Visitor: 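First, the structure itself, so that you have it in front of you.
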Amino acid sequence: MRYPLLPFLGAAFLVPVAFAQGTPPLSAPAAVQIPERPSLGMGQLSLRQAVEQALAGHPELAVARAEVEALGGASLQARARPNPELSFTQEGTKSPSRTTTVQINQPIELGGKRQARMTAAESAAELARADLAARRHAIAAAVVTAFFDVLTIQERLRLAEAALELSQRSSLATSQRVKAGKLSPVEETKARVAEANVRIELAQARSESSAARARLASAMGSPLGALVLEGRLDDLPPIQNYEGFQAQLDQSPALQRAEMEVRRRKALTAVENARRISDITVSLGAKRDQEQGRTQAVIGLSIPLPLFDRNEGNILEALKREDKARQELAATRVQLENEAIQARERLLSARAEAQSLAADVVPGAQSAYDAVTKGFELGKFSFLEALDAQRTLLQARSQYLKALAEARRASAELHRILGTDALTSAH
């Protein structure tokens, strides 16, 4: 059975054809008329536009980019060599007998300190770039999830409005039949209670709609305003085969970051090992002896003796932190695999539920409603049976919406974990 698309606020949702052909008489439960979608003008917002806007100006990305730039400065500084030192010494204060020495002292790093320092700085910059990439994937996934949450709640709001219209007509029809003596006053009370419950549900749906738009604005990092969302709910996100899923899991941003942290810790260990070797200072200058009237060259060499401080504590700390990074890598691998498998299973389950609802439940509820409505008009079914059939159809549609929303959430979460483009399965 095919379902025409009923668009609303930029969303399109598979909804069966109208509840009943034509408008039934007032005494029968009236068909639900779903309001038309407002025309989209310049104020519409597509999912791609929302994601691009978030990636272009989200404050969290600005923070991550600033960190990358800052560590670029650290990498530049790591390449610098030690500055030479100009030294001036004067012996004596009387001009005829004083001795003056001027020399330049140049520290020389040994043990590969500069290269180790450069490698460590580049590892830190690489880690910052990985954090930025992971943050981009996380923000894109959050925008996709929030975007479809808004579309879903908008459809739920439409259903709640349709249910209220149904309840109001049912209450009116019940009141008229009670006045005509065809129904008990108890039935009118039940209809009024049902209408009150629907009003509460509508108020909750409106509140959730405002909250969902606020979450989308937060995910985008910019105000949403009165923009109308344009998107589709009925296209279920695809599921990748298990082999491709495992291959992408090995390339996930969180796992790559953990591997980069291990490399950074190795580089820091190399820095501490290089510091065990003492640097030397070479001195070159001239000494002027006023009393003897001569100038002599001064050549010096300074070598610290590593008798008390051999950097053993720092080396031990660096080694232990390297071991910790390896353990965190193993823990991250297990955690990511568990999270990815759970997200994939949620997607599988939600897809199966949505497909079952679209193929069997919603059409079955529609057929039951059509049959009960026609039977009610012929006197074969009671008013409450017809009303129950209408409610069942509304509930089936609402359940279908929830399944679609869950599929989108699971798909966005899976894309975040794997570090893939969340837009590839969002259309």
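One-based numbering along the sequence shown. Just so it is clear, the model here is predicted, and its values are computed rather than measured.
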Visitor: Counting C-beta onward and ignoring hydrogens, is there a side-chain heavy-atom pair between R136 and L61 closer than 4.5 Å?
Guide: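 In short, these two side chains touch, coming nearer than 4.5 Å.
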Visitor: Considering only NZ, NE, NH1 and NH2 on the basic side and carboxylate oxygens on the acidic side, decide whether R264 and E126 come within less than 4.0 Å.
Guide: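 Salt bridge flag = no for E126 with R264.
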Visitor: So, are E413 and R409 salt-bridged, with charged N and O less than 4.0 Å apart?
Guide: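 Salt bridge flag = no for R409 with E413.
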Visitor: Which side-chain N or O atoms in residues 337-348 pair as donor and acceptor under 3.5 Å with protein atoms at least two apart or in another chain?
Guide:
unit_1, atom_1, unit_2, atom_2, d
N338, OD1, Q342, NE2, 3.2
E339, OE2, Q335, NE2, 3.0
R344, NH2, Q240, O, 2.7
R346, NE, E406, OE2, 2.9
R346, NH2, E406, OE2, 3.2

Visitor: Could you work out, with side-chain contact (heavy atoms from CB on, under 4.5 Å) as the rule, every residue matching A142, not counting sequence neighbours?
Guide: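 A219.
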Visitor: Check each of Q115, R117, R114 against E109 using the side chain to side chain donor-acceptor pair (under 3.5 Å) test, and report the only one that passes.
Guide: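 That would be R117; it is the only one of Q115, R117, R114 passing the side chain to side chain donor-acceptor pair (under 3.5 Å) with E109.
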Visitor: E67: which residues meet the salt bridge (charged side-chain N to carboxylate O under 4.0 Å, His left out) condition with it, sequence neighbours left out?
Guide: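 Not a single residue meets the salt bridge (charged side-chain N to carboxylate O under 4.0 Å, His left out) criterion with E67.
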Visitor: Using modelled atom types and a 3.5 Å cut-off, is there a donor and acceptor pairing between side-chain atoms of S398 and backbone atoms of L394?
Guide: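 Looks like no, no N/O pair under 3.5 Å.
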Visitor: List in chain and number order the residues that pass salt bridge (charged side-chain N to carboxylate O under 4.0 Å, His left out) with K266, two or more places apart in sequence or in another chain; answer none if no residue qualifies.
Guide: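 Testing K266 for salt bridge (charged side-chain N to carboxylate O under 4.0 Å, His left out), a comparison that skips the adjacent residues, returns none.
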Visitor: Do F148 and L47 make a side-chain contact, defined as non-hydrogen atoms from C-beta onward lying under 4.5 Å apart?
Guide: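 Touching, per the 4.5 Å side-chain cut-off.
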Visitor: So, using salt bridge (charged side-chain N to carboxylate O under 4.0 Å, His left out) as the criterion, who are the partners of D289 when residues are at least two apart?
Guide: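 For D289, no residue satisfies salt bridge (charged side-chain N to carboxylate O under 4.0 Å, His left out) once neighbours in sequence are set aside.
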Visitor: Looking at R158 and E161, is any side-chain nitrogen of the basic one under 4.0 Å from a carboxylate oxygen of the acidic one?
Guide: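 Looking at R158 together with E161, the answer is no, because their closest N to O distance does not fall below 4.0 Å.
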Visitor: Scan the side chains in residues 79-89 for donor-acceptor partners under 3.5 Å anywhere in the protein, sequence neighbours excluded, and list what turns up.
Guide:
unit_1, atom_1, unit_2, atom_2, d
E85, OE2, N105, ND2, 3.0

Visitor: Main chain of R275, side chain of N311: is a donor-acceptor contact present, judged purely on distance under 3.5 Å?
Guide: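 Looks like no, no N/O pair under 3.5 Å.
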Visitor: Roughly how far, to the nearest 0.5 Å, is the CG atom of L159 from the CG atom of L393?
Guide: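 CG of L159 is found 9.0 Å from CG of L393.
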Visitor: Heavy atoms only: give me the nearest I139-L55 pair and the separation to one decimal.
Guide: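 Nearest heavy atoms, I139 then L55: CG2-CD2, 4.4 Å.
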Visitor: Would the distance check show the side chain of K113 and the main-chain N or O of A274 forming a donor-acceptor pair, the cut-off being under 3.5 Å?
Guide: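 Side chain of K113 to backbone of A274: a pair is present.
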Visitor: Listing request: all side-chain hydrogen bond (donor to acceptor under 3.5 Å, both in side chains) pairs with a residue in residues 206-220, at least two apart in sequence or in separate chains.
Guide: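 Every pair satisfying side-chain hydrogen bond (donor to acceptor under 3.5 Å, both in side chains) with a residue in residues 206-220: R156-E208.
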Visitor: Any sub-3.5 Å donor-acceptor pair from T145's side-chain atoms to A141's backbone N or O?
Guide: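 Yes.
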Visitor: Can you run down the salt bridge (Lys or Arg N to Asp or Glu O under 4.0 Å) pairs that involve residues 294-311, sequence neighbours left out, and say none if there aren't any?
Guide: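 Every salt bridge (Lys or Arg N to Asp or Glu O under 4.0 Å) pair that includes a residue of residues 294-311, provided the two are not neighbours, is R310-E312.
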Visitor: For the side chain of S356 and the backbone of E353, is there at least one donor-acceptor N/O pair under 3.5 Å apart?
Guide: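 Absent.
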Visitor: Give me each pair satisfying side-chain hydrogen bond (donor to acceptor under 3.5 Å, both in side chains) with a member in residues 56-65, each pair once, sequence neighbours excluded.
Guide: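 Counting only pairs at least two positions apart or across chains, the side-chain hydrogen bond (donor to acceptor under 3.5 Å, both in side chains) contacts touching residues 56-65 are E60-R135.
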Visitor: Checking Q290 against T99: is there a side-chain donor and acceptor pair closer than 3.5 Å?
Guide: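 T99 vs Q290: no donor-acceptor pair found between side chains.
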Visitor: Are L401 and L233 side-chain neighbours, meaning at least one heavy-atom pair lies under 4.5 Å?
Guide: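 L401 reaches L233 side chain to side chain.
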Visitor: Checking E317 now: which residues fulfil side chain to side chain donor-acceptor pair (under 3.5 Å) with it, not counting sequence neighbours?
Guide: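 Checked E317 against side chain to side chain donor-acceptor pair (under 3.5 Å); matches are R321.
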Visitor: Which heavy-atom pair separates A325 from R265 by the least distance, and what is that distance?
Guide: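 It is CB-CG, 3.9 Å.
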Visitor: Check the pair K402 / Q399 against side-chain contact (heavy atoms from CB on, under 4.5 Å), numbers first and verdict last.
Guide: CA-CA 5 Å; K402 291 179 180 178; Q399 187 177 358; 5.6 Å; no
Visitor: Is there a side-chain contact between D149 and L216 in this structure, where contact means two heavy atoms from C-beta onward sitting under 4.5 Å apart?
Guide: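 Result no, sub-4.5 Å side-chain heavy-atom pair not found.
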Visitor: Quick one about R288 and T295 (side-chain donor to acceptor, distance below 3.5 Å, no hydrogens or angles considered), yes or no?
Guide: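 Looking only at side-chain atoms, R288 and T295 do form a donor-acceptor pair, the distance falling under 3.5 Å.
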Visitor: Can you find a side-chain donor-acceptor pair between S46 and E230 that sits under 3.5 Å?
Guide: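 No donor-acceptor contact under 3.5 Å links the two side chains.
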Visitor: Check whether the side chains of Q327 and D323 place a donor and an acceptor atom closer than 3.5 Å, and report yes or no.
Guide: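 D323 and Q327 do not have a side-chain donor-acceptor pair below 3.5 Å.
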Visitor: Does R199 have any side chain to side chain donor-acceptor pair (under 3.5 Å) partners at least two apart in sequence or in another chain, and if so, which?
Guide: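 So R199 forms a side chain to side chain donor-acceptor pair (under 3.5 Å) with E195.
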Visitor: For residues A50 and F147, report the shortest heavy-atom separation together with the two atoms involved.
Guide: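 What the structure gives for the nearest pair is CB-CD1, 4.2 Å.
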Visitor: I'd like to check L202 versus L157 (side-chain heavy atoms, cut-off strictly below 4.5 Å). Are they in contact?
Guide: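 In contact.
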Visitor: Which residue pairs satisfy the salt bridge (Lys or Arg N to Asp or Glu O under 4.0 Å) criterion with at least one member in residues 251-260, sequence neighbours excluded?
Guide: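 Those involving residues 251-260 are D131-R257, E259-R333.
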Visitor: Under the 3.5 angstrom rule, does the side chain of S75 hit a backbone N or O of L71 as a donor-acceptor pair?
Guide: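 Side chain of S75 to backbone of L71: a pair is present.
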Visitor: Go through T100 and K287 one step at a time and tell me if the side-chain contact (heavy atoms from CB on, under 4.5 Å) criterion holds.
Guide: CA-CA 6 Å; T100 305; K287 182 177 181 181; over 6 Å; no
